[in-house]
Chemist: 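This is the structure, below, for whatever I ask next.
These numbers were taken from a predicted model, which means no experiment stands behind them.
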Amino acid sequence: MDIETAREYCLTKKAATEGFPFGEGFWVVKVMGKMFACLNLDTPDRITLKCDADYALELRDHYNAVEPAWHFNKKYWNQVFFDRDANEQLIRHLIDHSYEEVLKKFTRKMRNEYDNLP
């Protein structure tokens, strides 16, 4: 996978929007205002994704491609390198997992809004 394929896949998610809230170098994808993916355009060989804390540790132990995310809460955020031992299927799964982790934290009101989107 590469940065453009990752971006395109993230944007297929329901209610996904993109922007640059941290400046021009950091492309962020959100669902209903909550971040689930970040790409640093200066280091296009990786994507930063949210993750369940226990699963994050498991992934880091098993894959060289998965490390604690730089400048993020390392308990819940991983950076996943495209050019290491994570294949495209795993990266898509981790994007899906990140998206689902964000959905889990929605308030009831946000969940109702999300469910009623086309």
Side-chain angles (χ1 to χ4, degrees):
M1 184 172 281
D2 60 29
I3 191 171
E4 188 58 33
T5 305
R7 175 187 169 271
E8 289 170 4
Y9 186 70
C10 288
L11 292 174
T12 66
K13 301 293 179 195
K14 181 178 177 179
T17 59
E18 63 183 332
F20 293 88
F22 304 130
E24 290 183 26
F26 294 93
W27 174 80
V28 172
V29 185
K30 297 180 178 183
V31 55
M32 307 244 340
K34 304 293 183 183
M35 182 171 67
F36 73 92
C38 180
L39 290 146
N40 181 341
L41 301 179
D42 292 331
T43 55
D45 63 338
R46 69 197 76 166
I47 186 170
T48 302
L49 300 167
K50 192 164 189 173
C51 192
D52 169 78
D54 292 330
Y55 188 40
L57 294 174
E58 186 180 317
L59 289 164
R60 293 171 195 167
D61 285 343
H62 193 267
Y63 295 97
N64 290 326
V66 182
E67 297 179 353
W70 189 255
H71 294 300
F72 286 83
N73 183 331
K74 290 163 183 39
K75 183 175 180 179
Y76 299 107
W77 290 87
N78 287 326
Q79 59 186 13
V80 182
F81 289 81
F82 299 130
D83 59 353
R84 295 188 188 170
D85 61 342
N87 63 28
E88 187 164 334
Q89 181 181 4
L90 175 62
I91 295 170
R92 286 178 186 266
H93 163 74
L94 295 175
I95 291 169
D96 294 343
H97 176 73
S98 180
Y99 182 82
E100 292 297 324
E101 284 297 297
V102 172
L103 294 182
K104 282 185 197 176
K105 302 293 183 187
F106 277 7
T107 63
R108 183 175 292 129
K109 180 181 177 187
M110 288 177 71
R111 188 59 169 186
N112 286 336
E113 287 177 32
Y114 174 83
D115 289 342
N116 289 316
L117 291 172

Chemist: Is the backbone N or O of D85 less than 3.5 Å from a side-chain atom of N64, with the two atoms forming a donor-acceptor pair by type?
Modeler: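 No.
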Chemist: Treating Ile, Leu, Val, Met, Phe, Trp and Tyr as nodes and any side-chain heavy-atom pair under 4.5 angstrom as an edge, say whether V28 and L11 lie in one connected cluster.
Modeler: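 Each belongs to a different hydrophobic cluster.
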Chemist: Within a strict 4.5 Å, meaning less than it, do heavy atoms of the K34 and K105 side chains meet?
Modeler: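 K34 vs K105: side chains apart.
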Chemist: I need the L94 CG to L49 CG distance, nearest 0.5 Å.
Modeler: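 Output value for this atom pair is 6.5 Å.
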Chemist: Is the number of heavy atoms from other residues, nucleotides or ligands within 6.0 Å of NZ (K74) greater than 12?
Modeler: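 Enclosed.
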Chemist: So do R46 and D83 actually touch side chain to side chain, heavy atoms under 4.5 Å?
Modeler: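 Of all side-chain heavy-atom pairs linking R46 with D83, none is under 4.5 Å.
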Chemist: Test the R84-Y63 pair against the cation-pi criterion, namely NZ or CZ under 6.0 angstrom from the six-membered ring centroid and within 45° of the ring axis.
Modeler: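 Judged by the rule, R84 and Y63 form no cation-pi pair.
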Chemist: Look at atom CD of Q89 and say whether more than 12 heavy atoms of other residues, nucleotides or ligands are closer to it than 6.0 Å.
Modeler: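 Open.
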Chemist: I'd like to check I95 versus F36 (side-chain heavy atoms, cut-off strictly below 4.5 Å). Are they in contact?
Modeler: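 A side-chain contact under 4.5 Å exists here.
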Chemist: Report the distance from atom CZ of R111 to atom CG of L103, rounding to the nearest 0.5 Å.
Modeler: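 CG of L103 is found 5.5 Å from CZ of R111.
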Chemist: Would you say CD of E24 has more than 12 non-hydrogen atoms from neighbouring residues, nucleotides or ligands within 6.0 angstrom?
Modeler: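 Atom CD in E24 is not crowded, with 12 or fewer foreign heavy atoms closer than 6.0 Å.
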Chemist: Taking a hydrophobic cluster as the set of Ile, Leu, Val, Met, Phe, Trp and Tyr residues connected by side-chain heavy atoms closer than 4.5 Å, whether directly or through intermediates, do Y99 and M35 fall within one such cluster?
Modeler: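 Result: no, two separate clusters.
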Chemist: Rounded at 0.5 Å granularity, tell me how far CG in L57 sits from CG in D52.
Modeler: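 So the gap between those two atoms works out to 9.0 Å.
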Chemist: Contact between N40 and F22 at the side-chain level, heavy atoms closer than 4.5 Å - yes or no?
Modeler: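 SC-SC contact between N40 and F22 ruled out.
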Chemist: Around H62, counting heavy atoms of other residues, nucleotides and ligands shown, do more than 12 lie under 6.0 Å from its NE2?
Modeler: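 For H62, atom NE2 is not crowded (no more than 12 foreign heavy atoms under 6.0 Å).
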Chemist: Please confirm whether K14 makes a cation-pi placement over Y114, using NZ or CZ under 6.0 Å from the six-membered ring centre and within 45° of the ring normal.
Modeler: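 Yes; both conditions hold, so K14 lies above the ring face of Y114.
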Chemist: For the SG atom of C38 and the CD atom of E18, what is their distance to the nearest 0.5 Å?
Modeler: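 Rounded to the nearest 0.5 Å, the SG-CD separation comes out at 12.5 Å.
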Chemist: Is there side-chain contact between H97 and C51, with heavy atoms separated by less than 4.5 Å?
Modeler: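 Touching, per the 4.5 Å side-chain cut-off.
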Chemist: Using a cut-off of 6.0 Å, state whether more than 12 heavy atoms not belonging to F82 lie near its atom CZ.
Modeler: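 Result for CZ/F82: enclosed.
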Chemist: Flag yes if I47 and L41 sit in one hydrophobic cluster, no otherwise; membership is Ile, Leu, Val, Met, Phe, Trp, Tyr, and two members link when side-chain heavy atoms are under 4.5 Å apart.
Modeler: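 Shared cluster, yes.
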Chemist: Do D96 and K13 sit within salt-bridge range, that is, some charged N less than 4.0 Å from a carboxylate O?
Modeler: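 Here D96 pairs with K13 in a salt bridge, since their nearest N and O are under 4.0 Å apart.
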Chemist: Applying a strict under-4.5 Å side-chain criterion to I, L, V, M, F, W and Y, I'd like to know whether Y9 and F81 cluster together.
Modeler: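 Unlinked, Y9 and F81 end up in two clusters.
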Chemist: To check you understand the geometry: which heavy-atom pair defines the closest contact between V29 and C10, and what is its length?
Modeler: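 The answer is CG2-CB, 3.9 Å.
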Chemist: Spell out, yes or no, whether M1 and W27 are grouped together once hydrophobic residues are joined by side-chain heavy atoms under 4.5 Å, including indirect joins.
Modeler: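 Same cluster.
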Chemist: Is the closest side-chain heavy-atom distance between N112 and R108 below 4.5 Å?
Modeler: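 Side-chain contact under 4.5 Å: yes.
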Chemist: Take T48 and H71 through the test side chain to side chain contact (heavy atoms under 4.5 Å, CB included) and record every step on the way to the result.
Modeler: CA-CA 10 Å; T48 302; H71 294 300; over 6 Å; no
Chemist: How are the rings of F72 and W77 set relative to one another: parallel (under 30°), tilted (30 to 60°) or perpendicular (over 60°)?
Modeler: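 Plane angle between 30° and 60°, so tilted.
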Chemist: Just how far is it from atom CE of M110 to atom CE of M32, taken to the nearest 0.5 Å?
Modeler: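 Taking CE in M110 and CE in M32, the distance rounds to 5.0 Å.
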Chemist: Distance check, rounded to the nearest 0.5 Å: D2 atom CG versus D45 atom CG?
Modeler: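 If we round to the nearest 0.5 Å, D2:CG and D45:CG are 11.5 Å apart.
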Chemist: So, are E88 and R92 salt-bridged, with charged N and O less than 4.0 Å apart?
Modeler: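 Result for this pair is yes, salt bridge flagged.
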Chemist: Does N78 use its side chain to pair, donor to acceptor, with the backbone of V80 at less than 3.5 Å?
Modeler: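 Not a single qualifying donor-acceptor pair exists.
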